[in-house]
Structure formats: structure tokens, C-alpha cells
Amino acid sequence: MTSRTVRVRYAPSPTGDFHVGGARTALFNYLFARHHGGRFILRIEDTDRKRYNSQALDWLLEGLRFLGLDWDEGPEVGGAYGPYVQSQRIELYRRHASLLIERGMAYRCFCPPERTEATSPDSEEPGAEPGDSCRCGALSAEESERRASGGAPYAVRFRAPRQGNVTVHDAIRGDITFPNEVLRDAVLLKSDGFPTYHLANVVDDHFMEISHILRGDEWLASLPLHVHLYGAFGWEPPVMAHLPLILNPSGKGKLSKREERAPDGSVRPVFVRQFRELGYLPEALVNFMALLGWSYDDKTEIMSRAELIERFTLERVNPAPAVWNYEKLDHFNGHYIRQLSIEDLAGRLMPFFEAAGYRPSREQLLAVVPLIRERITRLADAPAVANFFFDEELAPYPVEDLIPQKADAAMALAALERARAVLAEVDFRKEAIETALRAEAARLGLKTGQMFQPIRVAVCGRKAAPPLFETLEVVGRDKCLRRIDRAVEKLRSGG
RNA sequence: GGCGCUAUCGUCUAAGGGUUAGGACGGAGCCCUCUCAAGGCUCAAAUACGGGUUCGAAUCCCGUUAGCGCUACCA
């Protein structure tokens with residue numbers, strides 16, 4: 001056990017919407033920091049000016065707040081190691097790039113960006129040497145200096161070793177050995193003066209005194225470069241832990257950053273904002289994501305935030321990639337919805353009813369919520385499930401639905417007419433309604449199902465609905481009678 | 001192509017040499033029941049393949065295969 005203060009960071013790049021893959025990385029960092037009583041730092045890596053998206057930061061901060069992943073240092077909260085936005089730290093990176101040039105560990109590359117870009121990426125030249133595609137590394141210090149001061153644009157490249165191996169330790173995967181011969185002279189400082197990820201990341205993690213790096217597995221391949229950079233600066237690298245990737249439901253490839261489609265072709269959410277808009281609870285998302293690559297034991301899955309914090313350790317992170325399972329998330333969401341108090345759930349549901357065009361009073365919602373809470377898996381499902389409580393007119397439904405199995409229109413008509421008579425008189429509370437309606441069924445010689453289905457369909461406009469008596473009570477006598485009258489008409493007119 | 005990572009039910013995972021290989025989602029069935037849910041119970045379902053090491057391997061080692069990641073002046 002090290003006594004070093006735990007300081008971890010989540011360091012996203014503001015290039016697009018806040019993806020759940022990133023959210024999972026943020027969550028693991030958060031849980032790790034909280035578990036150890038350490039600091040969770042948010043750092044914005046906005047060094048790619050081409051891909052910069054001005055909305056991304058808002059999406060990110062909103063998403064983190066929605067999930068309850070509050071950061072101790074970073075944008076909007078400050079901290080002693082700031083600034084926490086890389087575009088405000090450019091001088092620091094330039095200084096360190098220069099430092100490496102002075103030490104002969106990096107050099108200026110005057111090649112036009114297009115050339116190296118064109119020769120390096122995939123396919124074509126599998127045999128091309130894995131190293132420099134230019135000779136700038138061979139330039140004398142004087143020549144390099146002369147061209148630079150002459151105004152020639154250049155990038156700064158790291159002089160990577162080509163001999164031997166590097167063995168690095170990953171807290172999740174153990175020791176990993178890479179042959180140095182596959183290294184290239186990676187660009188540290190781009191010709192626009194901005195650092196690349198590699199430089200900025202290493203410099204910031206050092207100066208922000210980051211103790212553990214928990215990041216996605218896609219970074220594992222650049223680990224040897226980073227380790228050499230730490231060495232070049234003479235710094236001790238933080239503990240490294242590469243988290244398993246999250247795969248899309250087909251298991252082929254990372255969870256898409258664009259869109260996912262369900263087997264039926266419908267679009268599935270991949271951004272935190274989309275999950276929120278669909279009515280996924282942060283509790284459910286957090287619990288579900290925690291289980292993507294981490295587990296507590298052989299049976300416990302439902303865990304509160306406090307329990308996750310208490311139990312989270314790197315030792316129990318699984319190195320294998322995990323597939324995002326929408327069905328399981330739905331199950332968790334339903335569970336957490338049902339666990340909420342009526343008041344809490346009503347409060348969370350209100351915006352979703354408003355978004356659907358309803359303006360229920362809080363009292364109305366409090367009456368309806370107990371009847372729908374077991375019937376929704378996402379908050380956004382609620383308006384469609386509860387519409388008949390609020391709609392003045394029922395949406396059209398097939399007359400046949402009024403007629404129960406093994407029965408005919410005459411029986412449905414009789415049931416509805418008797419029900420109407422009873423409901424017009426009865427004390428309009430669920431117990432009294434139930435007693436009266438059951439008695440009426442017996443009198444008519446009908447099974448309860450045969451008696452209740454026509455009423456349910458007449459009042460709710462559908463066969464699947466919440467329990468009948470409570471529903472009638474909440475809908476209210478006037479509306480019930482009106483709707484039953486309407487159903488009777490439909491039956492008489494055959495439509 | 002090169003380098004790396006990974007490999008237990010369809011999916012998330014437990015079991016860090018000795019278990020009838022456990023749990024969860026999803027699926028099937030039963031119960032409850034006024035419908036639909038929710039809930040309860042039950043069932044089906046896995047150690048990728050081949051070699052070692054060992055009295056004994058899902059577990060350790062090697063190889064194969066497969067999947068994924070990286071291979072940018074993107075992160």
C-alpha cells in the first residue's frame with residue numbers, strides 16, 4: 001500500500017457528445033478516487049483544433065452532473081493545479097518540447113504534414129519501416145535552429161529508441177513487453193504549436209501529480225511511447241490501468257459513437273444525454289456501468305453509489321472487453337424506478353409528461369404514479385402508459401377489444417350497461433367499486449375477466465392497463481361514465 | 001501486414017489447482033391474478049481448440065484460432 005495521495009483524472013477531448021464509453025471511464029476514476037479518499041480531477045484535452053466542438057464541454061459537464069460524478073478539480077470548480085483546460089497550458093508544453101530538443105531527445109521536423117500523413121496510415125506499405133519517414137532527425141542542431149528561426153514551420157518529434165524492449169506494468173493486465181523497434185518518432189508538438197495527446201498528457205499528469213491513470217484500453221498501444229517520455233523527462237510514471245473496452249451489442253467493435261440500432265431497426269442511445277432524455281435514472285446507469293468490466297462477488301449486482309464506492313477496487317476489474325447490454329440496463333432502470341418513493345418518482349416524471357404535452361397537477365401525478373410504476377422501464381414511457389388518465393377523449397380503439405374471450409357483443413353490452421348503473425351510484429372508491437362490480441358480475445353469471453375487460457377497454461381504451469378499480473377511482477366517475485356510454489354506442493353501432 | 005490485448009452459458013460475470021462450474025439479464029414453464037406489469041419458484045444454457053506441467057487444470061505454461069485495439073501533425 002502506497003501512502004501517496006490518490007489523484008486520478010478523467011481527461012476527455014471536447015470533440016462531440018458525451019458517450020457512455022467515456023462515462024464508464026469517468027465512473028471508474030470517480031469510484032477509485034472516492035474509495036481511496038482521493039481526488040477526482042477533470043481535465044479538458046482540447047488540443048485538436050480541427051475537431052473541436054463548442055457544445056461538447058456543456059454536454060460533458062451536464063452528463064457528469066447528471067450521473068453525479070462530481071469532480072474535485074477542473075472546469076467550474078478550479079483547483080490548485082490549474083488551469084484544467086489544455087489550450088490554456090500551451091506554454092508549458094512548448095517549454096517541455098524545447099527541453100527535449102535541447103537534450104537531443106526530440107528534433108524539429110520540417111516535413112509538410114501531408115507527406116507524413118500520406119505515407120504512414122494503414123494498408124499500402126506493410127513493409128515500410130516503422131520509423132521516421134523523413135530525415136529531419138539527422139539535421140544538425142545548427143541547421144535545425146537556422147531553419148526554425150528563418151520561420152520554417154515545423155513539428156517536434158520524439159527521438160524514439162529502436163533497440164531493445166520496454167516492459168511496462170499495468171495494474172489490470174500485469175507486465176507487458178513491447179519491442180522498441182516498432183516505435184515511430186511520434187509528433188509531440190504539431191506545427192500549429194499545439195501539443196499532441198502524448199506530450200500534453202504526460203506533462204499534465206506529471207504536474208497535476210496524477211497517481212493512477214485509469215483510461216480506456218485503446219491507449220495501451222501508446223503506453224511504451226508514454227513510458228519513454230516519462231523517462232526522457234526524468235519523471236516517475238503514475239500507476240497505469242487500462243480499462244476494458246465497451247463493445248456494441250453485436251460484439252463487433254467499440255460501442256459506436258454515431259448510433260446503435262436494435263434488431264428491429266430502431267435507434268439506440270449511446271450518449272449520456274440520450275439516456276437521460278429517454279428517462280434512464282442515473283442510479284441505474286451508474287450501477288449498470290460499474291458492472292461493465294468490474295464485479296464485486298459472485299452474486300451481488302444491485303449496489304448503491306455508496307456501496308460501489310466502498311467496494312470498488314482495481315483488483316476486481318476484468319481485463320476482457322465487455323458488450324453493452326441494453327436489456328440488462330432496462331432491467332436495472334425498472335428496478336430503480338420501482339424503488340423510488342411515489343413523491344420522488346412523481347417529481348422526476350413531471351418533465352416527461354410536460355414534454356409529451358400534458359399539464360398534470362402534482363396531486364394528479366401522485367395518484368397516477370402508484371398505478372404505473374411497475375409498468376414503465378424508462379421515465380419517457382410514462383405518458384404513453386398513463387395517457388388515458390389525462391386525455392379528455394380516448395384515442396380510437398377497435399370495438400372487438402370490448403368483447404372478452406368466449407363472449408359476444410351482447411354480453412359485453414350487458415356488462416357495460418350494468419357497470420354503468422352501478423358506477424353511477426357507488427361510493428367512488430376502489431374498495432366499494434370492486435365489491436359492487438364483483439357482485440354485479442356474479443348476478444350476470446359472468447366471470448370476473450369477462451365483466452372487467454369491457455369496462456377496462458371502455459375506460460382505458462386498451463386491454464392492457466393498470467388494475468381496474470384503482471384506475472376507475474383515479475380517472476373519476478364522470479369520465480368513466482362518459483367513456484362507458486361511448487363504448488355502448490360503439491357496440492350498438494358496430495363500430 | 002506489424003505490434004499489443006482478450007478468450008467461462010446468447011450477454012454481463014463468479015470460481016485466483018480439488019465445486020453437481022455459482023449469480024444476473026434475456027429465453028422457456030409454473031404460481032399469483034380482473035388485463036398488462038411487478039413479484040415468487042423451476043428449467044434450458046458455458047470453460048474456443050490442441051499440446052504440456054500436475055495425483056488433479058476453467059484456473060499455470062506453450063501453440064493455434066477467433067475477436068478487438070493501435071498502427072495520424074485525432075484523442
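Values reported hereafter were calculated over all heavy atoms of this structure, with side chains retained and with hydrogens, waters and symmetry mates removed. Just so it is clear: chains get the letters A, B, ... in the order the sequence lines come, proteins before strands, and each one is counted from 1.
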Nucleotide nearest [X] (side chain, heavy atoms from C-beta), chosen from [options]:
X	options	value
A:V187	B:G4, B:C73, B:U35	B:C73
A:T196	B:C73, B:A7, B:G67	B:C73
A:K254	B:G69, B:C34, B:G4	B:G69
A:A221	B:C34, B:G69, B:G4	B:G69
A:L245	B:G69, B:C34, B:A75	B:G69

Describe the nucleic acid contact of [X] in one word from base, sugar-phosphate, nothing, applying a heavy-atom distance below 4.0 Å.
X	result
A:P224	nothing
A:P370	nothing
A:R316	sugar-phosphate
A:F178	sugar-phosphate
A:F469	base
A:T15	nothing
A:G293	sugar-phosphate
A:L468	base
A:P179	sugar-phosphate
A:I372	nothing
A:A322	sugar-phosphate
A:W324	nothing
A:G253	sugar-phosphate
A:A155	base

Item to complete: Evaluate side chain to side chain contact (heavy atoms under 4.5 Å, CB included) for A:W59 paired with A:N53, printing each intermediate quantity in order.
Response: CA-CA 10 Å; A:W59 287 332; A:N53 179 322; 4.1 Å; yes
Looking at [N], I'd like to know if its phosphate oxygens (OP1 or OP2) sit under 4.0 Å from a side-chain N or O belonging to [X].
X	N	value
A:K50	B:C74	yes
A:N318	B:U6	no
A:R51	B:A72	no
A:R157	B:C73	yes
A:R373	B:A37	no
A:K463	B:C34	no
A:R438	B:C34	yes

Under a 4.0 Å N-O cut-off, is there an ion pair linking [X] with [Y]?
X	Y	value
A:R268	A:E327	yes
A:R173	A:D217	yes
A:K328	A:E301	yes
A:R418	A:E440	yes
A:D205	A:R43	yes
A:E470	A:R456	no

Worksheet item: Looking at RNA chain B, which of residues 85-94 of chain A put a heavy atom within less than 4.0 Å of it?
Response: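 Close to the strand, none.
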Worksheet item: Does the side chain of A:T377 pick up a donor-acceptor pair with the side chain of A:D381 at under 3.5 Å?
Response: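 Note: A:T377 and A:D381 side chains meet the donor-acceptor criterion.
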Worksheet item: In whole Å, what separates the C1' atom of B:G23 from that of B:G63?
Response: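 Per the computed distance, 34 Å lies between those C1' atoms.
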[X] has an atom [atom1]; how far is it from atom [atom2] of [N], in whole Å?
X	N	atom1	atom2	answer
A:H226	B:G4	NE2	P	18 Å
A:E374	B:U35	CD	P	15 Å
A:E434	B:U35	CD	P	12 Å
A:Q453	B:U33	CD	C1'	15 Å
A:H242	B:G69	NE2	P	16 Å
A:R162	B:G2	CZ	C1'	14 Å
A:R108	B:C73	CZ	P	19 Å
A:M303	B:U13	CE	P	12 Å

Discussion item. So, applying salt bridge (Lys or Arg N to Asp or Glu O under 4.0 Å) with A:D185, which one of A:R162, A:R108, A:R135 is it?
Written reply: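 Only match with A:D185 under salt bridge (Lys or Arg N to Asp or Glu O under 4.0 Å): A:R162.
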Practice prompt. Determine which nucleotide pairs with B:C3, using a 3.5 Å limit on both distances of a Watson-Crick or G-U wobble pair.
Written response: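 Paired with B:C3, as far as the under-3.5 Å criterion goes, is B:G69.
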Worksheet entry | Watson-Crick or G-U wobble mate for B:U8, both contacts under 3.5 Å |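 Partner of B:U8: none found under 3.5 Å.
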Item to complete: Answer with yes or no after comparing the ring centroid distance for A:F288 and A:W294 against a 6.0 Å cut-off, counting only values under it.
Response: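 They do not qualify: ring centres at least 6.0 Å apart.
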Worksheet item: Ring centres of A:F271 and A:F18 under 6.0 Å apart?
Response: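 No: the rings miss the under 6.0 Å criterion.
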Worksheet item: 5'-most contact on RNA chain B: A:V323 or A:A464, nearest heavy atom basis?
Response: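 Closer to the 5' end of RNA chain B: A:V323.
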Between N or O atoms, less than 3.5 Å apart, protein on one side and nucleotides 24-30 of chain B on the other: list the pairs.
| unit_1 | atom_1 | unit_2 | atom_2 | d |
| --- | --- | --- | --- | --- |
| B:A24 | O4' | A:E301 | OE1 | 3.4 |
| B:A24 | O2' | A:E301 | OE1 | 2.5 |
| B:A24 | N3 | A:K328 | NZ | 3.1 |
| B:C25 | OP1 | A:H331 | NE2 | 3.4 |
| B:C25 | O2' | A:K328 | N | 3.2 |

Worksheet item: For the base of B:C5, is there a side-chain donor-acceptor partner from A:R173 under 3.5 Å away?
Response: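 For A:R173, whose side chain was compared with the base of B:C5, there is no donor-acceptor pair (under 3.5 Å).
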Fill in: Under 3.5 Å donor-acceptor pair, A:S191 side-chain atoms to B:C73 base atoms
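Such a pair exists between side chain and base.
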Discussion item. Among residues at least two apart in sequence or on other chains, which ones pass ring-ring contact (aromatic ring centres under 6.0 Å, His included) with A:Y197?
Written reply: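 For A:Y197, the residues satisfying ring-ring contact (aromatic ring centres under 6.0 Å, His included) (neighbours in sequence not counted) are A:W219, A:H226.
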Practice prompt. For A:Y397, check ring-ring contact (aromatic ring centres under 6.0 Å, His included) against everything at least two apart and list the hits.
Written response: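 For A:Y397, no residue satisfies ring-ring contact (aromatic ring centres under 6.0 Å, His included) once neighbours in sequence are set aside.
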N/O-N/O pairs, protein side and nucleotides 64-66 of chain B side, under 3.5 Å:
none

Worksheet item: Is it true that a side-chain atom of A:R157 and a backbone atom of A:A106 form a donor plus acceptor pair closer than 3.5 Å?
Response: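 Looks like no, no N/O pair under 3.5 Å.
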Fill in: Short side-chain to backbone donor-acceptor contact, A:R462 and A:V385, under 3.5 Å
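Yes; at least one donor-acceptor contact below 3.5 Å.
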Item to complete: Only counting residues at least two apart or in another chain, list the ones meeting side-chain hydrogen bond (donor to acceptor under 3.5 Å, both in side chains) with A:R49.
Response: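 side-chain hydrogen bond (donor to acceptor under 3.5 Å, both in side chains) list for A:R49, sorted by chain: A:D192.
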